[in-house]
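For clarity, every value in this text was computed on a predicted model and none was experimentally measured. Order of appearance sets the numbers: ligands from 1, and atoms from 1 within every ligand. Sequential numbering from 1 along the given sequence is applied to the chain's residues.
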Amino acid sequence: MSPEGAPQAGGSATGRRLRVGVLGAHGRMGAEACRAVEAAEDLELVARVGRGDPLEVLEGAGVEVAVDLTRPDAVMANLEHCVRAGIHVVVGTSGVDGARLDQVRRWLAASPRTGVLVAPNFALGAVLLMRFAAEAARWFPSVEVVELHHPRKADAPSGTARRTAELVAAARAEAGLGAAPDATETALDGARGAVVDGVPVHSVRLMGLVAHQEVLLGGQGEVLTLRHDSLDRSSFMPGVLLGVRRVGRHPGLTVGLEHYLDDAPGRRAP
Ligand SMILES: NC(=O)C1=CN([C@@H]2O[C@H](COP(=O)(O)OP(=O)(O)OC[C@H]3O[C@@H](n4cnc5c(N)ncnc54)[C@H](OP(=O)(O)O)[C@@H]3O)[C@@H](O)[C@H]2O)C=CC1
Ligand SMILES: O=C(O)C1=N[C@H](C(=O)O)C[C@H](O)C1
C-alpha cells in the first residue's frame with residue numbers, strides 16, 4: 001500500500017483532479033485500473049491498497065472515490081469502511097448480490113450522500129449483451145448462459161453470468177413465460193450447470209481465456225446466440241473510469257454500469 005503524492009491541481013477543466021484509491025491494487029484488474037487512473041488527466045491515484053493494508057490509508061490520503069477489485073470474501077468489509085467514511089465506491093468485485101446488496105443499502109441509509117456503483121461487468125459489450133439478452137428472453141422458451149474465464153478466477157459462476165440470469169429471469173416473468181420446457185434430469189450432478197432464478201448457468205475455466213459469455217436462446221427450429229469476448233483487461237477500463245467519474249453524482253446504490261451510460265458524454269443511449 002502506498003498513499004501517493006500530495007493534492008495536485010491543473011489536470012482537468014476545473015483544475016482539480018478527483019482523488020482515487022484502488023483496493024486490490026496488486027491484482028490483475030487492480031494493477032490495470034491503477035494504470036488507467038494514472039493515465040487520466042482528470043484523476044489522481046492517491047492510494048494503492050493491497051491485502052492486509054489498513055483501510056484508514058484511504059481517509060489519510062483524502063480518497064474521494066475507491067475502486068474495489070479484490071475478492072468476494074473481502075469486498076464487504078471494504079465497502080462498509082468506505083461508506084461509513086463517506087467515500088464513494090465503484091465495486092467491480094464479483095459476489096455483491098442478493099442479501100449483500102440489502103446490507104449495502106442499510107449502510108448507505110446512514111450516509112445518504114455517498115454513492116456506490118456495483119458493476120458486474122465494466123465492458124461496454126458485456127453491458128449491452130445483458131441488455132440484449134433480457135430483450136430476447138421475452139421471445140424464446142429456452143435459455144441458458146455459458147460463461148468462460150481464465151483459469152485463476154476465484155469464483156464460479158461469474159458475477160456477470162449471475163446478473164445476466166437474473167435479468168433474463170425477470171424479463172421472462174414479465175413476459176408471462178413459465179419455466180423453460182427443457183429436461184432437468186441428470187445422470188451426474190452438475191451436468192446441467194448451476195441454476196440461477198431458473199436459468200441454467202455453465203462455467204468453463206480454461207487456459208488462454210480472459211472473460212467471455214454466451215447466452216443461448218432457443219425457439220422452434222432456431223437458436224439465437226449472443227456472445228461477448230473480453231480479449232484483454234483493457235476492455236474494462238473505460239467503464240471503470242466512467243464509474244469513477246460518475247459515482248459521486250449518483251448517491252445511493254446503483255447496480256449495473258448501464259445506469260451511467262445513458263448520460264455519458266460521447267455515447268448515445270443504447
Ligand atoms: N466488474 C468487472 O468488469 C470485472 C470484475 N472482476 C472481478 O474483480 C475481482 C478481482 O479480479 P482479479 O483482478 O482477476 O483478481 P486477482 O486475484 O488478480 O486480484 C485481487 C487482488 O485483491 C487482493 N486482495 C484480497 N483481499 C484484499 C483486501 N481485503 N484488501 C485489498 N486487497 C485485497 C488480492 O491479494 P492476494 O493475491 O494476496 O489475495 C489480489 O491482489 C474479482 O472478483 C473479479 O471477478 C474482474 C474483471 C472485470
Ligand atoms: O474474474 C474475472 O476475470 C471477471 N469477473 C467478472 C465476473 O465475475 O463477471 C467480470 C468479468 O467476467 C471478468
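No part of Ala126 comes within 4.0 Å of ligand 1, judged by heavy-atom distances.
In this structure, atom 37 (O) of ligand 1 has no protein heavy-atom contact shorter than 4.0 Å. The protein does not reach atom 34 (C) of ligand 1 closely, with no heavy atom under 4.0 angstrom from it.
A heavy-atom separation below 4.0 Å is not found between Glu32 and ligand 1. Within the structure, ligand 1 lacks Gly159 among the residues with a heavy atom less than 4.0 angstrom away.
Taking distance alone, with nitrogen or oxygen atoms compared against 3.5 Å, Gly30 stays at or beyond that limit from ligand 1. Residue Thr93 has no N or O atom closer than 3.5 Å to an N or O atom of ligand 1. For ligand 1, none of its N or O atoms has an N or O atom of Arg71 under 3.5 Å away. Looking at Ser94 next to ligand 1, an N or O pair under 3.5 Å apart turns up. Checked by distance only, ligand 1 and Leu23 stay at 3.5 Å or farther apart across all their nitrogen or oxygen atoms. An N or O contact shorter than 3.5 Å is missing between His150 and ligand 1 by distance. Annotation: Ala74 places no N or O atom under 3.5 Å from an N or O atom of ligand 1; distance criterion only.
Among Asp155, Thr93, Thr160, Leu148, the residue whose heavy atom lies nearest to atom 9 (O) of ligand 2 is Thr160. In this comparison of Ala211, Pro120, Ala161, the heavy atom closest to atom 10 (C) of ligand 2 sits on Pro120. Considering Glu147, His150, Lys153 only, the shortest heavy-atom separation from atom 3 (O) of ligand 2 involves His150. Distances from atom 5 (C) of ligand 1 to the heavy atoms of Gly92, Gly52, Ala33 put Gly92 nearest.
Near His26, meaning under 4.0 Å from any of its heavy atoms, are these atoms of ligand 1: 41 (O). Annotation for ligand 2: atoms under 4.0 Å from non-hydrogen atoms of His149 are 2 (C), 3 (O), 4 (C), 11 (C), 12 (O), 13 (C). The Leu69 neighbourhood of ligand 1 comprises atoms 10 (C), 20 (C), 21 (C), 22 (O), with distances under 4.0 Å to a heavy atom of that residue. Interface atoms of ligand 1 facing Ala119, defined by a heavy-atom separation under 4.0 Å, are 1 (N). Near Gly159, meaning under 4.0 Å from one of its heavy atoms, ligand 2 places the atoms 7 (C), 8 (O), 9 (O). Annotation for ligand 1: atoms under 4.0 Å from non-hydrogen atoms of Lys153 are 45 (O).
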Open item on the list: Run the side chain to side chain donor-acceptor pair (under 3.5 Å) test on Gln213 and Thr164 for me, step by step, so that the C-alpha distance in whole Å, both residues' side-chain angles and the decisive distance to 0.1 Å come before the verdict.
Closed with: CA-CA 10 Å; Gln213 179 166 286; Thr164 305; 2.8 Å; yes
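Between Arg17 and Glu41, no side-chain nitrogen of the basic residue sits less than 4.0 Å from a carboxylate oxygen of the acidic one, so the salt-bridge criterion is not met. Salt-bridge formation is detected for the pair Glu166/Arg163: a Lys NZ or Arg NE/NH1/NH2 atom is positioned less than 4.0 Å from an Asp or Glu carboxylate oxygen. Ion pairing between Glu214 and Arg227 holds under the 4.0 Å rule for side-chain N and carboxylate O. At a threshold of 4.0 Å, the pair Glu147-Arg205 counts as salt-bridged, since one of the basic side-chain nitrogens sits closer than that to a carboxylate oxygen. Salt bridge present: Arg245 and Asp42 bring a charged side-chain N and a carboxylate O closer than 4.0 Å. A salt bridge is absent between Glu135 and Arg131: the closest approach of a Lys/Arg side-chain nitrogen to an acidic carboxylate oxygen does not fall below 4.0 angstrom.
In terms of modelled atom types and a separation under 3.5 Å, the side chain of Asp229 and the main chain of Leu231 share no donor-acceptor contact.
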